[in-house]
Number of protein chains: 2
Amino acid sequence: MGTIGIRDVAKAAGVSPATVSRTLAGRAVDPAMRAAVEAAVRETGYRPNLAARRLRSRDTGTIGLIVADIRNPFFTAIARAVEEAAYARGLRVILCNTDEDPARETLYLRLMEEERVTGVILAPTRETPAVRAADLAVPVVLIDRSPPGGDHDAVLLDNRAASTMLVDHLHAQGYTRIAGLFGATSMTGHERRAGYLAATARLGLAADARAVPHGPGETEAVVAALLARADPPDALIASNGVMLLSVIRALNAAGAGQAGPAIAGFDNEPWTEVVCGGVTLIEQPVEQIGGEAMAMLLDRLHQPDASRRTVMLGGRLIVRGSTARRE
Amino acid sequence: MGTIGIRDVAKAAGVSPATVSRTLAGRAVDPAMRAAVEAAVRETGYRPNLAARRLRSRDTGTIGLIVADIRNPFFTAIARAVEEAAYARGLRVILCNTDEDPARETLYLRLMEEERVTGVILAPTRETPAVRAADLAVPVVLIDRSPPGGDHDAVLLDNRAASTMLVDHLHAQGYTRIAGLFGATSMTGHERRAGYLAATARLGLAADARAVPHGPGETEAVVAALLARADPPDALIASNGVMLLSVIRALNAAGAGQAGPAIAGFDNEPWTEVVCGGVTLIEQPVEQIGGEAMAMLLDRLHQPDASRRTVMLGGRLIVRGSTARRE
DNA sequence: AATCGCCGTGAAAACGTTTTCTTACGGTCA
DNA sequence: TGACCGTAAGAAAACGTTTTCACGGCGATT
């Protein structure tokens, strides 16, 4: 009565519900009947009930994407790439945002299980999900971050190499007191920090790596502390795009003009091209990460028992500004 | 067998499936039984099947959010606000991205119907959805844009007033040849253009309003054309955040330095604070838009036959830079 | 003290599909 | 020409939950 279902269509077309189902699924059906069904569908304005469909046929045709910070353009780019890849394969995407909160991450992973999604692509917040991923009912591919010991499918940026590239570049430009700001909550931050430490040590430079908590104002505080040093740094590396902007804002607030430290960072966001005469940074292959993660997920679904693998992609150093020095 | 369901939990707890269901739903149940059920749930690792739940109880507890461009930070901010509001009410959000493509919009609206979502919040691409929204099975609240004649629930920015503020401000700063770039695909662009035209006419200024198609490179081309005028504009207004950045990029590319036109625009994105010494713009009350849209949607669900209403929110003029002139 | 209503429980129906399972129909091969 | 096989359609079961229905027990009202 209220809503019209497959039985109504069947009645209108003079066939059985099974035939309607088969027609809609594109299976073999007598052409005449198919035409009748299609006409009936049009006429009745029938809309399939996805909940019922998913309940019966155990395939939901849906994958979950859980990111750590939707405001971070890196993750929105990932989201777009993943959605595009899914769309091309006729899959739906459910997007969730944890805001770097492990509790929300747990909640959303649980929700994904309840949704009976086919698979999950996850940018984890900490090590905890590693354990969890193991006893999870659904296949998971990690992106951007991966806990150290874990045995997971993952597609990552080579963070150590990326940090090294930045340090090497700055060193080649003549900077010697290079400080780094790294996210405290993410594995990514740790790895970039490790690369930074290794590179500075190799070059015989003094290292100053600061861990920055996730939250407003934190980065600004750390920058202020750095500038207050007896021998303030002549170059700053920011561990991601959001932090990079905060660094610039902090430097502006401190009135550091031409004499201020040079800056470099991660994530090729559109604005980085026009600010401070262009800022030098590591560009992540976002499209590729999204596509690779989706491909890996589908592989896993196809071969549940194959050994897990980690794909590591390289970043691209983009040099901007005269010498990567602020205008 | 494969998956464990409510019957298994019931068996483990020594009660009927109905009691398990009632316990999980938080209805009145004998405390002893409740405890037994909760223990059984923990012990069995039971995960409810949301598809089955949604099928039986007609309420999906889900709303759809369809935005026009997920890369536009305005829309990601909206997404966050809506999700937050939904989360607080125990609702789920499905996020879709049309990329300004009416065909995808149609597709997603249809999908929302099939998903049996409780309601939809939609940032439409063109006039077409207006007609469509009328015969849609699900309540729709429009945001950011609304077709002219339509009778819809909508929460909008007062675009005419916002444009007027910008023109007035620039005029007060002494600019006289103010040109504007407005999105060609959206209603919002048209309205902001209308406000611009009215304001310039009132002030007796020459108007030059250009319609910019959605796509890469389009804005840059228009800016180049403007600069090539016999009397190039001394100020530019960009109709949204993405366009604003493209304008700056184009000006940089053209080598327009101190002598170049002043710029102003819409959307208070983080980077606008640090580029060109800060750019003057209209900030939209994003949180409020998202919250209001959600509230309006819930009202509509509660009172399906109440008359539709449009809430118009005001933008806030943020003046940056010395005189909103480029450094 | 007996009855009326209320509350909580279990059995069973229902939600709208898809997917067996069964059956009928032709066509092909022996 | 008869048996056999593949194909396609219809009947009915199944998916996992919520909700109605009927019933039994208990406290309150008369």
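Worth knowing before you read on, the calculation uses all heavy atoms, side chains too, and leaves out hydrogens, waters and symmetry mates.
For the side-chain contact (heavy atoms from CB on, under 4.5 Å) test, residues two or more places apart in sequence or in another chain that qualify with B:Glu287 are B:Ala81. With sequence neighbours excluded, the residues that form a side-chain contact (heavy atoms from CB on, under 4.5 Å) with B:Asp151 are B:Arg308. Checked against side-chain contact (heavy atoms from CB on, under 4.5 Å), A:Glu38 has the following partners two or more places apart in sequence or in another chain: A:Arg34, A:Arg42.
Between C:dT9 and B:Thr19, no contact under 4.0 Å exists linking OP1 or OP2 to a side-chain N or O.
Sorted pairs that involve residues 12-30 of chain A and meet salt bridge (charged side-chain N to carboxylate O under 4.0 Å, His left out), not counting sequence neighbours, are lacking altogether. Note on residues 73-83 of chain A: pairs passing salt bridge (charged side-chain N to carboxylate O under 4.0 Å, His left out), not counting sequence neighbours, are A:Arg80-B:Asp99, A:Glu83-B:Arg104.
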Could you write nucleotides 13-19 of chain C as a row of B, S and -, 5' to 3', where a protein heavy atom under 4.0 Å of any base atom gives B, of only sugar-phosphate atoms gives S, and otherwise -? BBBBBBB

Could you go through the side chain to side chain contact (heavy atoms under 4.5 Å, CB included) check for A:Leu157 and A:Met312 one step at a time? CA-CA 5 Å; A:Leu157 184 75; A:Met312 191 165 287; over 6 Å; no

List the atom pairs, donor and acceptor, that lie under 3.5 Å between side-chain atoms in residues 64-77 of chain B and the rest of the protein, sequence neighbours left out.
unit_1: B:Asp69; atom_1: OD1; unit_2: B:Arg71; atom_2: N; d: 3.0
unit_1: B:Asn72; atom_1: OD1; unit_2: B:Phe74; atom_2: N; d: 2.9
unit_1: B:Thr76; atom_1: OG1; unit_2: B:Pro73; atom_2: O; d: 3.0

All N/O donor-acceptor pairs, side-chain side in residues 290-297 of chain B, below 3.5 Å, sequence neighbours left out:
none

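The terminal axes of the helix from C:dA1-D:dT30 to C:dA30-D:dT1, fitted over 5 pairs per end, subtend an angle of 40° to the nearest 10°.
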